[in-house]
Number of protein chains: 2
Amino acid sequence: MTNKQERLLQFILDFHKDNGYSPSIREIAKGMGVSSPSTVKAMLDRLEAQGVLNRSSGVARSLAPVTSEEEDLGIPVIGRIVAGTPVMAEENIEGYIPVKEFLKNSNGGFFLIVDGYSMKDKGILPGDYVFIQPSKEISNGQIGAFRLNGEVTLKTFKKTNEGVFLLPANNEFEPIPVNEDDSFEVIGRYVMLLRLREQGYKFM
Amino acid sequence: MTNKQERLLQFILDFHKDNGYSPSIREIAKGMGVSSPSTVKAMLDRLEAQGVLNRSSGVARSLAPVTSEEEDLGIPVIGRIVAGTPVMAEENIEGYIPVKEFLKNSNGGFFLIVDGYSMKDKGILPGDYVFIQPSKEISNGQIGAFRLNGEVTLKTFKKTNEGVFLLPANNEFEPIPVNEDDSFEVIGRYVMLLRLREQGYKFM
DNA sequence: ACACACCCCGAACATATGTTCAATAGAACA
DNA sequence: TGTTCTATTGAACATATGTTCGGGGTGTGT
């Protein structure tokens, strides 16, 4: 793919992102600084021949960048590996995690950055991203995010006939009792953990 | 929103999913079983007035279902929380994790399901999903997936002048030496960890 | 030199497409 | 019944849009 072709593809992607639909040929011409629609058409023909673009002939604004199957399916999950097969062989793929789908259902959810070692024994370490699904309710024994007297903390929720406690998962810490006159709020339930350790993927 | 309006919206969404672009007014008419484009235009005007649809007047196929901002930005990350503010207040949001973007760059990567406790001290527990970026190279001290004599394992890679070792992160396990006559292969680098614990989100 | 792929122009063409408008049908209501 | 409002229709209109054609330019490799 030549430099110009990459710029064209990028322009289409950006336009679609901004407007929710694809540009017309003449809009591309303006955006790319060319003056003839036929020039753009020729460029599009080449891109389509390369298979990175889909079009329906005669249909206005039918440009659709080809998306790889993985994007729709999600990221493959490898469970056990059958002896002697390549890792990514079909028989090893146990399923797919549809990250995109997850994103769509993440309404109102957010990541909380873990601060201390109080949940160490649950494998939750400082710097981890904990996905919190906002909710005023939480079941006994579930992990959640709470705000106790202004401070936000991630703990296991425990309700006994002696009252409510927030349990750390680390025997160097003590259970925290929630008293009647404390200001206490359930922020949400712990759904998922994300840990970005090694380089190579820059977020934010 | 009336029944007919919902059907219309659904038709547009389905069409877009199938074709990668939005239907024209006449295509909608056919699909919905009405015979006049002006009928469809009237219906679209109503939907747009309700704010569930965006259009650019005079622009072909410019129908764009209104999407929430989160979908484009990613999932917000909350770091420290300013005293007295609601959790999701703007001043608490430290950034966004563009999961979608990540997916796009995940070329060839996959998740490996962790099996034992050998990496416990790194907070990597059985059942965790470890994202592996395929690579034949790995640096000293990095965590990666390896295949040693047919068996796949997740360990820290260590190269000394005494040879190559795969180090567990659990003092109940011994470092594994990689001998000359072993069949040994670097599968890839450990990039990210995903843990799905609580219910409410069903993957796969 | 030649062939070939890529890039560009401007004009003309055919049609796909959004829009407007007068007329009709149906439902809700006094 | 008549009135009013909305939904629908079919035709006509204006234009946005993809396409074609003939021409030219530049670079690369043979």
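Nothing here was measured: the structure is a model prediction, and the numbers come from that model.
A donor-acceptor pair under 3.5 Å is absent between the side-chain atoms of Thr156(B) and the main chain of Gln142(B), judged by distance alone. A donor-acceptor pair under 3.5 Å links the side-chain atoms of Arg195(B) to the main chain of Gly123(A), judged by distance alone. Counting only distance, with no hydrogens or angles, the side chain of Asn149(B) and the backbone of Asp182(B) share no donor-acceptor pair below 3.5 Å. Not one N or O on the side chain of Asp128(B) forms a donor-acceptor pair closer than 3.5 Å with the backbone of Ile124(B). Panel note: side chain Asn54(B), backbone Ala64(B); no donor-acceptor pair is recorded below 3.5 Å. Between the Asp18(A) side chain and the Phe15(A) main chain, no donor and acceptor come within less than 3.5 Å of each other.
The phosphate of dA7(D) (OP1 or OP2) has no side-chain N or O of Thr39(B) nearer than 4.0 angstrom.
Across the helix from dA1(C)-dT30(D) to dA30(C)-dT1(D), the helix axis at one end is tilted relative to the axis at the other end by 30° (nearest 10 degrees, each axis from five pairs).
The stretch residues 138-164 of chain B participates, sequence neighbours left out, in these ring-ring contact (aromatic ring centres under 6.0 Å, His included) pairs: Phe146(B)-Phe157(B), Phe146(B)-Phe184(B). Sorted by first and then second residue, the side chain to side chain donor-acceptor pair (under 3.5 Å) pairs involving residues 36-45 of chain A (not counting sequence neighbours) are Ser36(A)-Ser38(A), Asp45(A)-Arg55(A).
Of all heavy-atom pairs between Ser118(A) and Lys155(A), the closest is OG-NZ, 3.2 Å. The two residues Tyr21(A) and Ser56(B) have their closest heavy-atom pair at OH-OG, 2.7 Å. Residues Ser22(B) and Leu63(B) share a closest heavy-atom pair of OG-O, 2.6 Å.
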Produce a footprint string for nucleotides 15-24 of chain C: one letter per nucleotide, 5' end first; B if the base is under 4.0 Å from any protein heavy atom, S if only the sugar-phosphate is, - if neither.
-SBBBBB---
Under 3.5 Å, which protein N or O atoms sit close to an N or O of nucleotides 23-27 of chain D? Give each pair with its distance.
none

Anything under 3.5 Å between a protein N or O and an N or O of nucleotides 4-6 of chain C, put it in a table, one pair a line.
none

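The distance from atom CD of Glu6(A) to atom C1' of dC7(C) is 17 Å, rounded to the nearest whole Å. Rounded to an integer number of Å, the gap from Leu44(A) CG to dT20(D) C1' is 15 Å.
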Could you give me the CA-CA distance, side-chain angles and deciding distance for Arg61(A) and Glu27(A), then say whether salt bridge (Lys or Arg N to Asp or Glu O under 4.0 Å) is met?
CA-CA 10 Å; Arg61(A) 299 175 186 275; Glu27(A) 282 166 344; 2.8 Å; yes
